[in-house]
There are 2 protein chains.
Amino acid sequence: MVETSVDCVIFGFQHETLKVLLIKRKNDPSKGLMALPGDFLDEKTSIYGSAENTLKKITDLDNIFLEQIQAFGRVDRYPGKRVITISYYALINIENYSPTAGYTAEKLEWCDVDKLPELAFDHQRIIESAHKKLKRRVRYEPIGFNLLPEEFSLTNLQQVYEAILQIELNKRNFRTKLNQMKLLIDTGKKQKNVAHKPAILYKFDEKMYQQLKEEGFYFKL
Amino acid sequence: MVETSVDCVIFGFQHETLKVLLIKRKNDPSKGLMALPGDFLDEKTSIYGSAENTLKKITDLDNIFLEQIQAFGRVDRYPGKRVITISYYALINIENYSPTAGYTAEKLEWCDVDKLPELAFDHQRIIESAHKKLKRRVRYEPIGFNLLPEEFSLTNLQQVYEAILQIELNKRNFRTKLNQMKLLIDTGKKQKNVAHKPAILYKFDEKMYQQLKEEGFYFKL
DNA sequence: TCAAAAGTGTTCGATCTACACCCATGG
DNA sequence: CCATGGGTGTAGATCGAACACTTTTGA
């Protein structure tokens with residue numbers, strides 16, 4: 001019999017770098033190694049629901065951006081028995097996150113996406129796939145916002161994109177493009193206590209996004 | 001216990017339209033309905049391998065472009081028991097295809113991708129996902145070639161892209177772009193017995209593609 | 001008054017689009 | 001010699017990269 005699990009690649013953004021939330025496994029197999037949070041799939045839960053539950057259990061967050069990556073199913077990916085896994089990636093605002101309950105016994109760690117420790121099973125590959133998918137998705141859907149607090153500056157946003165894509169972007173052009181899209185609302189607020197001209201804080205215009213989406217618009221960075 | 005199956009969306013190109021290969025189910029559940037070819041996953045086969053086997057059994061073809069779409073796992077997607085499915089899509093040259101053995105008992109049919117009959121389970125949704133994924137993939141990897149015979153004209157190729165993307169493309173610009181990419185080899189041959197200027201036949205330059213890929217090139221239609 | 005980062009104007013070249021035109025073949 | 005689809009040249013618009021510049025704040 002083939003068993004099925006669900007694993008989550010949880011991305012966060014901190015100190016201008018893209019992070020992944022990993023756990024230290026407290027049980028065999030691969031006890032002690034770092035790994036993606038996940039669970040076995042049970043008969044009464046959809047796979048998407050199962051990913052939501054995993055996310056909730058570990059971060060205590062609801063209503064998070066969550067998208068399937070793909071299924072991984074090589075015969076030898078898991079020791080001892082046949083387990084295929086269906087992987088999801090999530091984008092969260094690291095400020096809202098609070099490590100909780102079910103996972104307190106384990107060590108939780110935000111790791112740099114390009115400085116990963118040794119990982120259990122094929123989780124390294126899964127994270128690579130997740131990052132690759134994110135890189136693509138981010139170019140034609142405005143999902144980068146999910147990694148930021150509700151209010152953010154344009155520089156914050158640019159840094160998110162630079163961290164995800166691992167390239168430098170031109171400030172002038174980045175701002176011009178974002179302006180054209182009309183997806184940002186000026187909150188009227190500004191940064192405080194910064195030793196330079198304070199940046200305007202924006203928020204993402206969810207309604208405009210839905211509207212543009214229906215018109216067949218697509219976000220192009 | 002959750003069971004796992006693999007389903008294949010097999011795309012072909014004929015009469016200037018994009019087609020999907022469907023079977024008529026000979027057993028319950030959904031006996032008599034049209035559906036995607038697929039199989040249950042067994043313990044000793046990778047999911048990719050299982051998709052390859054399905055493809056081989058139904059088309060007798062090897063070494064085909066085959067890519068995972070995603071897993072579908074709503075609780076009620078399959079009647080009577082819990083079955084999740086992992087879906088793949090394939091691109092084949094319809095001329096090479098020969099319906100064979102394992103499936104002779106069933107009716108096989110190439111259906112227009114936008115005139116689908118009533119389908120079993122959630123296979124309608126799976127095909128829609130496949131088409132959506134194909135639309136995206138085709139814009140940054142030169143996979144359209146897989147739907148054509150070894151030698152083809154530029155008009156053939158343009159029609160493939162128009163059928164996949166369901167839009168009209170400008171002849172002049174399409175050709176200019178393809179020229180820039182240097183992915184085509186002039187075979188020196190021409191069409192015969194056509195009542196107009198015969199078109200030059202090209203083939204896809206596999207080596208050049210690999211080389212460009214390593215250099216980080218990306219095909220942009 | 002200085003450093004630091006926010007924010008803007010503008011030029012230049014590449015790319016995309018649209019249209020017009022010529023070419024080779026069978027009937 | 002005509003209809004048909006193959007194949008090309010080019011002007012104008014649009015887009016993106018790059019650079020230099022002004023602005024506002026805290027120290």
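Letters A, B, ... are given to chains in the order of the sequence lines, protein chains preceding strands, and every chain is numbered from 1.
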- When rounded to the nearest 0.5 Å, the distance separating CD of B:Q180 from NZ of B:K182 is 8.5 Å

Separation of [X] atom [atom1] from [N] atom [atom2], in whole Å?
{"X": "A:H196", "N": "D:dG26", "atom1": "NE2", "atom2": "P", "result": "10 Å"}
{"X": "A:F174", "N": "C:dT8", "atom1": "CZ", "atom2": "P", "result": "14 Å"}
{"X": "A:I167", "N": "D:dA18", "atom1": "CD1", "atom2": "P", "result": "11 Å"}
{"X": "A:K192", "N": "C:dA6", "atom1": "NZ", "atom2": "C1'", "result": "17 Å"}
{"X": "A:Q191", "N": "D:dG26", "atom1": "CD", "atom2": "C1'", "result": "13 Å"}
{"X": "A:L201", "N": "D:dT24", "atom1": "CG", "atom2": "P", "result": "17 Å"}
{"X": "B:K197", "N": "C:dC21", "atom1": "NZ", "atom2": "C1'", "result": "12 Å"}
{"X": "B:K171", "N": "D:dT4", "atom1": "NZ", "atom2": "P", "result": "14 Å"}

- Query: Distance check: side-chain N/O of A:R175 vs OP1/OP2 of C:dG7, anything under 4.0 Å?
  - Reply: yes

Any donor-acceptor pair, under 3.5 Å, between the side chain of [X] and the base of [N], if you only look at N and O atoms?
{"X": "A:N170", "N": "D:dA17", "result": "no"}
{"X": "A:K177", "N": "D:dG16", "result": "no"}
{"X": "A:R172", "N": "C:dG9", "result": "yes"}

- Base, sugar-phosphate, or nothing: which does A:T155 touch, judged by heavy atoms less than 4.0 Å apart? sugar-phosphate

- Query: Taking the six-membered ring for Trp, are A:F145 and A:F152 ring centroids under 6.0 Å apart?
  - Reply: yes

- Message: B:S153 vs B:N156, test: side chain to side chain donor-acceptor pair (under 3.5 Å). Steps then yes/no.
- Response: CA-CA 5 Å; B:S153 73; B:N156 292 155; 3.3 Å; yes

- Query: Are side-chain N/O atoms of B:E214 and B:Q210 paired as donor and acceptor at under 3.5 Å?
  - Reply: no

- Item | Any donor-acceptor N or O pair under 3.5 Å, side chains B:K133, B:Q70 | no

- Whichever of B:A195 and B:Y202 has the more 5' nearest nucleotide on DNA chain D, that residue is B:A195

- Message: Which is more 5' along DNA chain D, the nucleotide nearest B:P198 or the one nearest A:V194? Just name the residue.
- Response: B:P198

